[in-house]
Protein chains: 4
Amino acid sequence: MTDESARNEIMTATYEALCEHGYTELTAQAIADRTDKSKSLLFYHYDSKEDLVASFFDFLLEQFDERVEENRDLPPVERLASFVDWFLYDPEDAERTSFHTAMLELRAQAPHNERFQEQLRRSDDALRAILEEILSEGLEAGSFHEHDPEETAALLIAALDGARIRQLTIGRDVYLEEVRSGIAAEIFDELLTEEVDFPARDDSVEGDETDDAALAREGSGADGAGGSGD
Amino acid sequence: MTDESARNEIMTATYEALCEHGYTELTAQAIADRTDKSKSLLFYHYDSKEDLVASFFDFLLEQFDERVEENRDLPPVERLASFVDWFLYDPEDAERTSFHTAMLELRAQAPHNERFQEQLRRSDDALRAILEEILSEGLEAGSFHEHDPEETAALLIAALDGARIRQLTIGRDVYLEEVRSGIAAEIFDELLTEEVDFPARDDSVEGDETDDAALAREGSGADGAGGSGD
Amino acid sequence: MTDESARNEIMTATYEALCEHGYTELTAQAIADRTDKSKSLLFYHYDSKEDLVASFFDFLLEQFDERVEENRDLPPVERLASFVDWFLYDPEDAERTSFHTAMLELRAQAPHNERFQEQLRRSDDALRAILEEILSEGLEAGSFHEHDPEETAALLIAALDGARIRQLTIGRDVYLEEVRSGIAAEIFDELLTEEVDFPARDDSVEGDETDDAALAREGSGADGAGGSGD
Amino acid sequence: MTDESARNEIMTATYEALCEHGYTELTAQAIADRTDKSKSLLFYHYDSKEDLVASFFDFLLEQFDERVEENRDLPPVERLASFVDWFLYDPEDAERTSFHTAMLELRAQAPHNERFQEQLRRSDDALRAILEEILSEGLEAGSFHEHDPEETAALLIAALDGARIRQLTIGRDVYLEEVRSGIAAEIFDELLTEEVDFPARDDSVEGDETDDAALAREGSGADGAGGSGD
DNA sequence: GATGAATGAGTTTTCATTCAT
DNA sequence: TATGAATGAAAACTCATTCAT
């Protein structure tokens with residue numbers, strides 16, 4: 001795959017097809033239909049459908065890695081808040097919803113797909129490392145009370161991920177809401193030292209971009225933490 | 001569906017096929033192969049494959065409901081401990097692992113399948129109700145400190161479910177371990193009043209039943225909380 | 001494959017498709033088209049196209065075995081003559097020509113197909129055994145001069161097969177003719193004792209059967225020696 | 001086709017691909033892969049794959065023609081011996097085996113391919129002419145007894161070719177061995193006059209050339225008699 | 001000359017589903 | 001109830017061939 005634009009076209013088409021049909025019903029035809037190319041071209045660029053999907057997985061993670069860098073200079077507390085927001089997405093946001101849905105299906109394949117699992121592992125390592133870094137920096141900066149960053153990171157990610165998944169699969173907002181407030185309280189009471197404030201949800205995010213490429217980027221980027229979180 | 005034993009045979013076969021192949025690769029033939037009946041018979045008993053799988057979902061939940069009753073008379077603290085153990089299963093237990101894997105795949109279909117979603121919703125309602133009941137009873141009994149049972153329940157379930165899913169998809173034990181110790185600490189410090197002890201993990205679980213039907217029942221029962229939790 | 005008639009239908013269709021298209025261009029569709037059944041049925045009865053073709057090979061050999069028995073009671077000299085005629089077929093006979101052509105293609109696959117090779121080996125063993133038997137019996141009966149039946153059998157089969165193949169591939173009658181007269185002379189001068197006559201070609205064979213099943217049987221039977229000879 | 005070296009490269013690649021995959025599985029890609037050029041270039045040089053393969057056939061025959069000249073000055077008996085050796089190749093010789101295998105497949109296509117058939121016809125004419133020439137010269141020189149050179153040539157070629165083909169397709173050495181000794185005996189007793197000796201097999205053949213082009217040439221040359229013989 | 005990208009027409013194979021028995 | 005046989009629709013994948021550059 002030399003041609004970057006062809007690759008992007010296929011990746012975007014894969015993303016759309018995945019969102020619309022789900023992994024189980026994802027067909028090469030459905031992907032090609034979202035392209036101005038033929039189905040056979042997919043097999044020119046990728047050895048098999050599985051290879052294509054695995055590449056798509058990589059594609060998402062690439063974007064996540066870029067995204068992660070963006071917040072690097074924020075102070076720990078804000079990075080933490082932004083981290084939480086990545087997970088506890090707004091369920092009204094159809095774009096995000098379908099993205100997370102697609103990711104969930106891909107993740108559910110991992111137990112049967114060594115390559116997926118490895119990709120997830122790599123991504124999870126990165127995600128935990130970042131959260132642990134945030135927590136450690138906060139500790140050093142005196143923003144956080146004493147705690148075990150490794151344990152807290154795992155606990156936070158599990159709760160955030162679990163809330164998101166239950167939201168997606170059950171279709172009720174209760175988990176997002178209760179976990180948000182529960183975590184906020186937890187963080188407030190347990191984690192933050194008295195002199196720091198935990199920022200409220202940043203709803204000003206993502207303006208009005210609408211084209212698919214941008215949405216895909218945002219979607220995956222935003223999930224990045226989660227995509228990787230996924 | 002008149003014949004109860006035929007139904008059970010098909011359900012058990014579906015369970016096995018699902019564990020072995022995963023939802024995406026689940027075929028009517030694979031189910032029939034685990035039966036001493038023919039493939040056509042499946043379509044005599046069920047209108048379609050989707051119908052069969054939805055029934056299978058019900059089948060799991062039925063067993064969950066039975067299971068839930070079993071612990072009803074235990075004191076709240078022990079019920080809570082048993083609840084946690086349902087989720088944070090032993091990853092060495094192949095039976096449980098494949099069961100949770102299968103459930104994860106079914107759950108991942110829910111966003112594309114209204115019926116699945118409804119089933120999950122019902123099951124989740126039951127699950128949260130139970131945990132809230134446990135927490136409320138504990139409050140009344142003076143075993144737990146003051147807290148919001150609804151929030152705590154959601155938070156606990158999200159964290160437990162998230163940990164299990166990450167374990168399954170990433171193939172590392174870190175989440176199970178850290179979340180177990182994190183939650184234990186949390187419960188100890190925050191939830192339990194001084195005079196109560198949180199019981200250690202119950203590893204004396206399920207004796208030596210070996211036939212498939214029993215395993216399926218145990219599997220789903222045990223997950224029940226989780227099946228429903230799923 | 002329980003149903004004998006379905007099997008025969010598919011085998012006959014395979015034979016026809018093979019004659020018409022050749023092995024290289026043989027498709028499942030072409031076979032199904034010569035059937036009143038669907039293409040998918042082929043894959044219900046056979047695991048793959050290769051499996052089907054290998055079964056077809058067996059089918060031909062089965063018929064050969066039956067055929068061989070037929071001549072068993074003739075005296076050696078006549079059996080020998082009939083043997084020669086099996087190979088040096090009449091090139092005007094379109095039925096035979098297309099049959100031998102199909103066989104040649106299948107045989108040419110053997111170096112790349114272990115199963116084909118094994119089938120050919122079995123068939124060749126039988127063929128040589130028969131010819132050696134004929135020659136040995138002739139020796140005992142005093143119809144043949146002293147010679148090494150094993151060597152003579154191999155030599156005769158090689159020459160007959162070679163002649164037939166060159167006829168088929170080159171499209172000229174020269175080999176059939178010269179080898180027939182050469183072998184006749186050889187047999188006359190070298191093999192036969194003075195008191196025996198070598199019968200002239202038996203052109204009275206193949207009556208007027210016309211339906212495909214019969215043609216297939218005759219074809220393969222006749223080649224049998226050759227099919228197996230192939 | 002202007003560029004001779006490009007042509008040679010493609011021909012050699014075709015030879016290798018044919019040996020490795022067989023005609024049925026021969027693809028343009030497989031040929032290009034054995035070249036340092038692209039697949040598209042094949043279609044710049046040749047109108048179609050069929051055209052390419054037909055050219056490859058010609059390529060083999062060209063080399064045969066050259067080869068034939070080489071032995072022209074030998075005395076008839078030695079030329080005859082060398083002729084026999086061309087056909088009854090050493091089955092341990094992997095190079096030769098794969099070459100003859102490839103040729104067999106091409107020949108098996110001839111009944112469906114007018115052009116192939118014509119090429120074979122031309123080659124066969126040359127082959128028989130040579131053998132007849134050898135036999136006639138031997139007759140004149142008094143090395144051979146009286147016989148019909150045309151008939152003997154056809155008989156010899158058929159037997160040699162048949163033996164080689166059965167060896168290739170059945171995978172047993174019996175035909176090569178028995179036909180070699182049978183023919184040797186035949187020639188001794190019938191063909192040679194008392195004062196001449198039939199030379200033993202020439203195993204000193206082909207020295208140590210190793211590059212592919214040479215191998216191809218040797219292969220085809222050696223077979224030449226047989227390539228054409230094929 | 002040379003190639004990467006592209007494709008249409010086809011190929012094998014799969015599978016839920018139906019139906020006569 | 002139960003099944004073997006049957007199939008249509010679609011899936012993944014292949015491949016000779018074309019074409020703009």
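Chain A is the first sequence line, chain B the second, and so forth, proteins listed ahead of strands; every chain is numbered from 1.
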**Request:** Using only side-chain N and O atoms of C:His45, determine if any of them is under 4.0 Å from OP1 or OP2 of F:dA6.
**Result:** yes

**Prompt:** Is any side-chain nitrogen or oxygen of A:Tyr44 closer than 4.0 Å to OP1 or OP2 of E:dA5?
**Reply:** yes

**Request:** With rounding to the nearest 0.5 Å, note down the distance linking OG in B:Ser55 to CG in B:Asp58.
**Result:** 6.0 Å

In this structure, how many angstroms lie between the [atom2] atom of [N] and the [atom1] atom of [X], rounded?
X       : N      : atom1 : atom2 : answer
B:Asp36 : F:dT3  : CG    : P     : 8 Å
A:Arg7  : E:dA5  : CZ    : P     : 14 Å
C:Gln29 : F:dT14 : CD    : P     : 20 Å
B:Ile31 : E:dC15 : CD1   : P     : 12 Å
D:Leu42 : F:dT18 : CG    : P     : 13 Å

**Request:** Report yes or no: does D:Glu105 contribute a side-chain atom to a donor-acceptor pair with the main-chain N or O of D:Tyr23 at less than 3.5 Å?
**Result:** yes

Measure from the side-chain heavy atoms of [X] and tell me the nearest of [options].
X       : options                : answer
A:Phe43 : E:dT13, E:dA5, F:dC13  : F:dC13
D:Thr27 : F:dC15, F:dT17, E:dT17 : F:dC15
B:Ser40 : F:dA16, F:dA5, F:dA11  : F:dA5
B:Ser38 : E:dT13, F:dG4, E:dT17  : F:dG4
B:Lys39 : F:dA6, E:dT11, F:dT1   : F:dA6
C:Lys37 : F:dA6, E:dT12, F:dA16  : F:dA6

**Message:** On DNA chain E, does the nearest nucleotide to B:Asp47 precede the nearest nucleotide to C:Glu25 from the 5' side, or the other way round? Give the residue.
**Reply:** C:Glu25

**Message:** Between the base of E:dT17 and the side chain of B:Lys49, is one N or O donor paired with an acceptor at under 3.5 angstrom?
**Reply:** no

**Prompt:** Which part of the nucleic acid does C:Leu26 contact within heavy-atom distance under 4.0 Å: base, sugar-phosphate only, or nothing?
**Reply:** sugar-phosphate

**From D:Val53, D:Leu41, D:Ile10, residue fulfilling side-chain contact (heavy atoms from CB on, under 4.5 Å) relative to D:Tyr46** = D:Ile10

**Prompt:** Between A:Arg34 and A:Glu20, is there a side-chain N and carboxylate O pair less than 4.0 Å apart?
**Reply:** yes

**Request:** Hey, which sits more toward the 5' end of DNA chain F by its nearest nucleotide, A:Ala28 or B:Leu41?
**Result:** B:Leu41

**Any strand: nucleotide that pairs with E:dA20 via Watson-Crick or wobble, under 3.5 Å** = F:dT3

**Asked** A:Leu168 and B:Pro111: which non-hydrogen atoms are nearest, and at how many Å?
**Response** O-CG, 3.8 Å

